[in-house]
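Taking it in order: structure first as structure tokens, then the write-up.
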Amino acid sequence: MYGATLLLSVAIAAQAVLGSPVQKRAGYSVKETHFVPQKWSKIGKAAEDFAIHLNIGLKQSSFDELERHLYEVSDPDHGRYGQHLSYEEVNDLIKPTDKTSSLVQDWLRANGIEDLGFSAAKDWISVTLPVSVVERLLDTEYHVYEHEDGDQLVRTPEWSLPAHLHEHIDSIQPTTSFMRATGQKTEFLQFPPWISPGYTPPSNATISKVCNISSVTPECFMNLYSTKGYKPKVPGLNKVGFNNFLGEIPIRPDAYQFLKKYHPGAEDAAYKFPQISIADGPAQDGPLTYNQSLERTSMEANLDVQAIAGISDPTPIISYSTGGSPPFIPDTSTTENTNEPYLVWLNYVLGQPIVPQVISTSYADDEQTVPKAYAERVCKQFAQLGARGVSILFASGDRGVGINNTCISNDGKNTTMFVPLFPSGCPYVTTVGATHQFEPEVVAFRPGYFDADGNYREIYSSGGGFSNYFSTPDYQTKVVQDYVKNLDGLYDGLYNKGGRAYPDLSAQGQYFAYVWNGTEGVISGTSASTPLMSGILALVNDDLYAHGKPPLGFLNPWLYKKGYKGFTDITSGSAAGCGVEGFNATEGWDPVTGFGTPIFPLITELAKK
Ligand SMILES: *[C@@H]1O[C@H](CO)[C@@H](O)[C@H](O)[C@H]1NC(C)=O
Ligand SMILES: *[C@@H]1O[C@H](CO)[C@@H](O)[C@H](O)[C@H]1NC(C)=O
Ligand SMILES: *[C@@H]1O[C@H](CO)[C@@H](O)[C@H](O)[C@H]1NC(C)=O
Ligand SMILES: *[C@@H]1O[C@H](CO)[C@@H](O)[C@H](O)[C@H]1NC(C)=O
Ligand SMILES: *[C@@H]1O[C@H](CO)[C@@H](O)[C@H](O)[C@H]1NC(C)=O
Ligand SMILES: *[C@@H]1O[C@H](CO)[C@@H](O)[C@H](O)[C@H]1NC(C)=O
Ligand SMILES: *[C@@H]1O[C@H](CO)[C@@H](O)[C@H](O)[C@H]1NC(C)=O
């Protein structure tokens, strides 16, 4: 990690020069504090001229009303079902009041800060500033923090605002957020490292012919989920998008090779989909260079595009690759971009009048690495997309209820607990878990093992849990309470009974046939399940359009009321993690597989009713 090392040396040099204690600015008081997550340590003062792309979240004027609209247009029993809001209507509801806007801008101007950027609804202000200026503005001190794995971020655990602005600003980042949303996938291997000794091959002749436990393919998914033979009818109108972060971009020749082998006839799609690189995101989508392959880059992006195109072709695909902040130009003191890419993508896509009707994201991080105010704000932005008729899908994670030996709270008390993920636990998104095997499908799982190089590979187990930030939304109260009641006290104190529970659904997610760097192999993860489910929902939307109906939009109110009948209940396996068996899959909804896996003809039938 050349860049990271350089950042460290610069940081320490700066500390020697500065090292002065924080001065409290007159009229300021602390707006937010957040514990530095485990595995991160402070290694030195941030360089004074380190560039920070600051995002200031202004209080939205009428989010409550937006939420009311969202639930009305997403509730199949409401008269307004399917009457999604326009881009303008959403922006009107969430734009800050004039008073909020002018107070915040006056404050920035008084601090000599100009050249402000605005989100479409003017609810976020962005500006690139050196650390020294942000430190004065927020009466704080930035440090370089290093993760055990060598990654570095420039952050502060506490910041302040003038008292009169507290009620006008929800969140400012990057400050306290240590979120590094990572792809929810396992290692890429030529052969599966383990097959369940209890596995019995399917008795159904068709399924047994096309579904290979060691390497599952689009042909298997099409038969298993009964999309086989469905021909998209309105591929001009209907689209499916997916997100890439951390320098990832789908590699077109790999996608071509995959589709040519596993979905012959669809291979041209590999070169057709638009690649949208936001905020200096990567643009090189040809074969990986040798150096890129050594960094094992684009494994996640390849999986996403191959899973989607494998099932939904010829539905048009859009790929978004978001870099840190615009424009990021490395210089001698700033070699690494440690800004927050997530919000950059959200503000980009919310600024587009037309967006894909389904958007898949396979990235997540522990909820407790994200400060609550910021998580709430990002979650609200998913609601804004939902109100416009977009289905937002997220992966539920690959570590069951949490990684063994890391299941403790981040509040300074080290309380033992399960570790939910964000944004998987946001109530306005639909979260997807992973299954394996065919008759029946069971929760995806592979035990931990030591690989050929002696490295321990953690247990892979489909993620599930309960948010500690977001409370149980009405649409799932009944099934969640029933599930908790059946637990009969098991795991009490380890999870939030009143939290938003996830996932909502699941799909195959183990030993996907896959191509990376010109090489065939297999890969696993809810990172596979999520784009697969997204591709299938894109086909449902196609059928809805073809019948003159609006797209599914925010799925959950429909799903928990009647859509669930279009899914196969998964009843075996558990969200193994934190050294315990974890939540079991049960009859009906459970926080491991949600309502289960799709039965395409039933879903389209229910959606058209
Ligand atoms: C086998 O599976 C296919 C695809 O799901 C289905 O159409 C068929 O009815 C099944 N056959 C039997 C005998 O269950
Ligand atoms: C199943 O996939 C594995 C891995 O690609 C392959 O070695 C094996 O031959 C396949 N089995 C069948 C019956 O096709
Ligand atoms: C590949 O990485 C090595 C080691 O970091 C570097 O010396 C070399 O210049 C890189 N090659 C290219 C083509 O970027
Ligand atoms: C990627 O593919 C190239 C070309 O086949 C090969 O030289 C390189 O070793 C591969 N990289 C990895 C990490 O396997
Ligand atoms: C919590 O754990 C961290 C790291 O494992 C340790 O440094 C800290 O002292 C612990 N705090 C308490 C209150 O036990
Ligand atoms: C969890 O970690 C403990 C302590 O390291 C170990 O004894 C135990 O076997 C682990 N459990 C699982 C399921 O990996
Ligand atoms: C979870 O499932 C396993 C395997 O079926 C079973 O042994 C265990 O009792 C179940 N646990 C609960 C809490 O239902």
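When a ligand or atom number is given, it counts from 1 through the structure's own listing order. Keep in mind that what you see is a predicted model, and the values were worked out from it rather than measured.
The aromatic rings of Tyr225 and Phe221 sit parallel to each other, their planes meeting at less than 30°, with 60° as the upper class boundary. By the 30° and 60° cut-offs, the orientation of the rings of Phe245 relative to Tyr342 is parallel.
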For each nitrogen or oxygen atom of ligand 4, which protein N/O atoms lie closer than 3.5 Å, and how far apart are they, rounded to 0.1 Å?
from, atom 1, to, atom 2, distance (Å)
ligand 4, 2 (O), Asn517, OD1, 3.0
ligand 4, 2 (O), Asn517, ND2, 2.5
ligand 4, 11 (N), Ser293, OG, 2.8
ligand 4, 11 (N), Asn517, ND2, 2.9

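Ring centroids of Tyr230 and Phe600 are separated by less than 6.0 Å, placing the two rings close together.
With contacts defined as side-chain heavy-atom distances shorter than 4.5 Å, the pair Asp504/Gln476 qualifies. By the 4.5 Å heavy-atom criterion applied to side chains, Glu439 and Ser203 are counted as neighbours.
The pair Asp149-Arg180 meets the salt-bridge criterion, since a charged nitrogen lies less than 4.0 angstrom from a carboxylate oxygen.
Ligand 1 has no nitrogen or oxygen under 3.5 angstrom from a nitrogen or oxygen of Thr206.
Heavy atoms of Leu224 found under 4.0 angstrom from ligand 1: none, in either backbone or side chain. Under 4.0 Å from ligand 1, the heavy atoms of Asn223 that appear belong solely to its backbone.
Atoms of ligand 1 found under 4.0 Å from any heavy atom of Asn204, numbered from 1 in the order shown, are 1 (C), 2 (O), 3 (C), 8 (C), 10 (C), 11 (N), 12 (C), 14 (O).
Under a cutoff of 6.0 Å and an axis angle of 45°, Arg252 and Phe273 form a cation-pi pair.
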Might you work through the side chain to side chain contact (heavy atoms under 4.5 Å, CB included) test for Ile213 and Tyr511, ending with a clear yes or no? CA-CA 8 Å; Ile213 187 76; Tyr511 307 147; 5.5 Å; no

